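Inspection log for the structure reproduced underneath, given as structure tokens.
Computed over heavy atoms, backbone and side chain alike; hydrogens, waters and symmetry mates excluded. The chain is numbered in sequence order, starting from 1. All figures in this text were calculated on a predicted structure; none of them were measured in a lab.
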Amino acid sequence: MEQSADPANRITLDPTLRDRLGLPRPVATYDLSHHVREGIAAAKTVSDQVFARLGAEDRTDFPDDGSWPGRYEHNGRVYGYRGAGHGAGTHIMGSSPGTSVVDSWQRCWDHPGLYAVGCGSMPSVATSNPTLTMAALALRSAERIEADLVERHRPALLDSGAAR
């Protein structure tokens, strides 16, 4: 299921907890939208129908012991989900600093020399791997980084006639 970008889903820094280096630990705040919950319910209905036609038994279990963090109840039925391992959306790409972290080149608005290149620029990821899109964005950003460096470090052109 692809969930639309939701500003309530975010990564922040814990104000008190620190890692071994003394850096603030990240806090992930995430919830499924109503649309996604309905989609998971619809997918489970189809899955149940396929299992019934095959005469198969669904042995899926969502333990209620905290070992399955994506366990939830929706419309009286228990469901579970796990992320696909496609981390995305932590530094949204956009056209203004008020609504995004990076510009279309994945250059940070607040720090123009800093590029946050990767899947974090994607506000959502569907069921397919984002590898090719991420690679395309990275190559595009690399071209911009090179152009910025050439512009910044371009040697001054001297007119040989003016030196006489």
Exercise. With sequence neighbours left out, which residue pairs that include part of residues 132-145 fulfil the salt bridge (Lys or Arg N to Asp or Glu O under 4.0 Å) condition?
Worked result: Arg144-Asp148
Problem set entry | Pairs flagged by salt bridge (Lys or Arg N to Asp or Glu O under 4.0 Å) wherever residues 109-119 is involved - sequence neighbours left out | none
For this session: Kindly write out the residues that satisfy salt bridge (Lys or Arg N to Asp or Glu O under 4.0 Å) with Asp6, not counting sequence neighbours, or none if the list is empty.
Result: none
Exercise. If you round to the nearest 0.5 Å, how far is CG of Leu114 from CZ of Arg107?
Worked result: 11.0 Å
Exercise. Got a sec, which pairs hit salt bridge (Lys or Arg N to Asp or Glu O under 4.0 Å) with one end in residues 87-101, sequence neighbours left out?
Worked result: none
Give every donor-acceptor pair under 3.5 Å between a side-chain atom in residues 25-33 and any protein atom, sequence neighbours left out.
| residue | atom | partner | partner atom | Å |
| --- | --- | --- | --- | --- |
| Tyr30 | OH | Gln3 | OE1 | 3.4 |
| Asp31 | OD1 | Arg37 | NH2 | 2.6 |
| Ser33 | OG | Val36 | N | 3.2 |

For this session: Give the cluster check for Val102 versus Met122: same hydrophobic cluster or not, with ILVMFWY residues linked at side-chain heavy-atom distances below 4.5 Å.
Result: yes
Problem set entry | More than 12 heavy atoms from other groups under 6.0 Å of CG on Leu54 | yes
Problem set entry | For Asp61, all residues meeting side-chain contact (heavy atoms from CB on, under 4.5 Å), sequence neighbours excluded | Pro63
Problem set entry | side-chain contact (heavy atoms from CB on, under 4.5 Å) involving Leu149 - partner list, sequence neighbours excluded | Ile145, Arg152, His153
Problem set entry | Heavy-atom pair of closest approach, residues Pro130 and Cys119 | CG-SG, 3.7 Å
Exercise. Quick one: do Tyr115 and Leu137 end up in the same hydrophobic cluster if we chain Ile, Leu, Val, Met, Phe, Trp and Tyr together by side-chain heavy atoms under 4.5 Å apart?
Worked result: no
For this session: State, to 0.1 Å, how close Met93 and Asp103 come at their nearest heavy-atom pair, and which atoms those are.
Result: CG-O, 3.2 Å
Exercise. Which residues pass the side-chain contact (heavy atoms from CB on, under 4.5 Å) test with Leu139, sequence neighbours left out?
Worked result: none
For this session: Any pair with a residue in residues 42-51 that passes side chain to side chain donor-acceptor pair (under 3.5 Å), sequence neighbours left out, goes on the list, sorted by first then second residue, please.
Result: Lys44-Asp48, Lys44-Asp58, Asp48-Arg77
Exercise. Pairs in or reaching into residues 34-53: which pass ring-ring contact (aromatic ring centres under 6.0 Å, His included), with residues at least two apart or in two chains?
Worked result: His34-His74
For this session: Any pair with a residue in residues 90-109 that passes ring-ring contact (aromatic ring centres under 6.0 Å, His included), sequence neighbours left out, goes on the list, sorted by first then second residue, please.
Result: none
Problem set entry | Distance-minimising heavy-atom pair for Ser141 and Gln106 | OG-NE2, 3.0 Å
Problem set entry | Tyr79: partners by ring-ring contact (aromatic ring centres under 6.0 Å, His included), with sequence neighbours left out | Tyr72
